[in-house]
Student: 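Please find one structure pasted underneath; my questions will follow.
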Amino acid sequence: MTIKIGILISGRGTNMDAIVEHIRSENAPVQVCFVASDKASAAGLETAKSKGIATAVLPYKQGRAAGEAGIERLWQEYGIDLLVLAGFMRLITGDFVSRHEGRILNIHPAMLPKFPGAHGIEDFWKSGESSSGVTVHVVDAEMDHGPILMQREVVREPDDTIETFEAKIHKVEHQLYWQALKAYISTITQEA
Ligand code: GAR
């Protein structure tokens, strides 16, 4: 059974790319049906196109309802099983989430519930705490919130700068999202 997923991005799309490459290298029965962005300028759209994946720009310029209607159309058109948020910087409304309960995943560059929001790495860095990490979770109607699937700690070393620390976070993200996604897929396929 092939699981169909759609991926939403807003920027570089390195997490999206890492998932695509894990699927290819493991020959996993997961099909990335589309990569969509709220921003036409998102560099990840070009990456996806170069790999032969369908792309779309969501009409968020016309407001959140139009943007989410765009996601819903893609969901139905491709008949996806899961929606994967990979650096998608928009809050998904409760209405949308409740229509797709348990079918939307997100990654966040901090140990949720700590440092939610668009600046998880910077907010941790300014806090002076000694470690942060990466969280993959099921999406509910609150920002960067919902049942946690996997977390991995990343320790701030004395010689880290915010740049080296950020690079460590991204390296962990690029492994953890696929691990969590794979485990979640096996749970939902066993239930089916
Ligand atoms: C990632 O670090 C992801 O965790 C973060 O955006 C970045 C996207 O990078 N998401 C959030 O902060 C969600 N609140 P990418 O476009 O290179 O994958």
Side-chain angles (χ1 to χ4, degrees), residues 5-24 30 32 34-51 53 55-58 60 64 67-68 71 82-94 96-97 104-127 129 131-156 160-182 184:
I5 68 171
I7 304 181
L8 301 188
I9 62 168
S10 294
R12 293 180 310 157
T14 64
N15 279 284
M16 170 277 295
D17 194 30
I19 290 170
V20 168
E21 287 309 314
H22 282 295
I23 292 169
R24 292 197 177 174
V30 179
V32 180
F34 63 84
V35 172
S37 174
D38 57 323
K39 292 204 178 89
S41 59
L45 289 175
E46 293 310 313
T47 311
K49 270 185 209 159
S50 75
K51 299 190 174 199
I53 300 167
T55 61
V57 177
L58 300 164
Y60 270 89
R64 185 184 278 173
E68 289 193 351
I71 306 173
L82 284 176
L83 186 65
V84 173
L85 310 188
F88 185 63
M89 297 308 199
R90 298 267 183 179
L91 184 69
I92 304 282
T93 62
F96 191 95
V97 172
I104 309 170
L105 305 186
N106 183 42
I107 188 161
H108 185 70
M111 294 290 259
L112 292 174
K114 286 186 175 178
F115 310 115
H119 308 288
I121 298 173
E122 292 88 335
D123 292 345
F124 156 73
W125 192 260
K126 286 184 202 143
S127 77
E129 289 189 27
S131 81
S132 186
V134 174
T135 304
V136 179
H137 66 98
V138 179
V139 169
D140 69 13
E142 283 177 57
M143 187 181 53
D144 296 322
H145 193 268
I148 289 172
L149 298 175
M150 276 188 197
Q151 284 188 306
R152 186 156 305 153
E153 188 185 29
V154 178
V155 174
R156 168 186 185 152
D160 268 333
T161 61
I162 187 163
E163 289 79 16
T164 60
F165 184 77
E166 187 166 351
K168 287 181 194 171
I169 289 278
H170 292 315
K171 198 169 171 199
V172 169
E173 286 191 313
H174 297 161
Q175 300 303 322
L176 196 73
Y177 211 171
W178 173 238
Q179 278 178 33
L181 180 58
K182 215 163 47 162
Y184 195 67

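Atoms within a ligand are numbered from 1 in the order they appear, just like the ligands themselves. Residue numbers count from 1 along this sequence. Not measured: the values here are computed from a predicted model.
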Student: Quick one: does R156's side chain have a donor or acceptor within less than 3.5 Å of a partner on S132's backbone?
Tutor: no
Student: How far apart are the closest heavy atoms of A86 and I7, and which atoms are they?
Tutor: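 Between these two residues, the closest heavy atoms are CB-CG2, 4.0 Å.
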Student: For the NZ atom on K168, are there more than 12 heavy atoms of other groups (residues, nucleotides or ligands in this structure) within a distance under 6.0 Å?
Tutor: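 Yes.
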Student: Side-chain polar contacts of residues 105-112 - donor-acceptor pairs under 3.5 angstrom, sequence neighbours left out - could you list them?
Tutor:
unit_1, atom_1, unit_2, atom_2, d
N106, ND2, H137, NE2, 3.1
N106, ND2, D144, OD1, 3.1
H108, ND1, D144, OD2, 3.4
H108, NE2, F115, O, 2.6

Student: Do the charged groups of E68 and R90 touch, with an N to O distance under 4.0 Å?
Tutor: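 Between R90 and E68 there is no salt bridge, as every charged N stays at least 4.0 Å from the carboxylate O atoms.
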Student: Can you give me the closest heavy-atom contact between G133 and I169, atom names plus distance?
Tutor: O-CD1, 3.5 Å
Student: Report all protein residues having a heavy-atom distance below 4.0 Å to some atom of ligand 1; order the list by chain, then number.
Tutor: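 Within 4.0 Å of ligand 1, the protein residues are R12, G13, T14, N15, G87, M89, I107, H108, P109, G117, D144, H170, E173.
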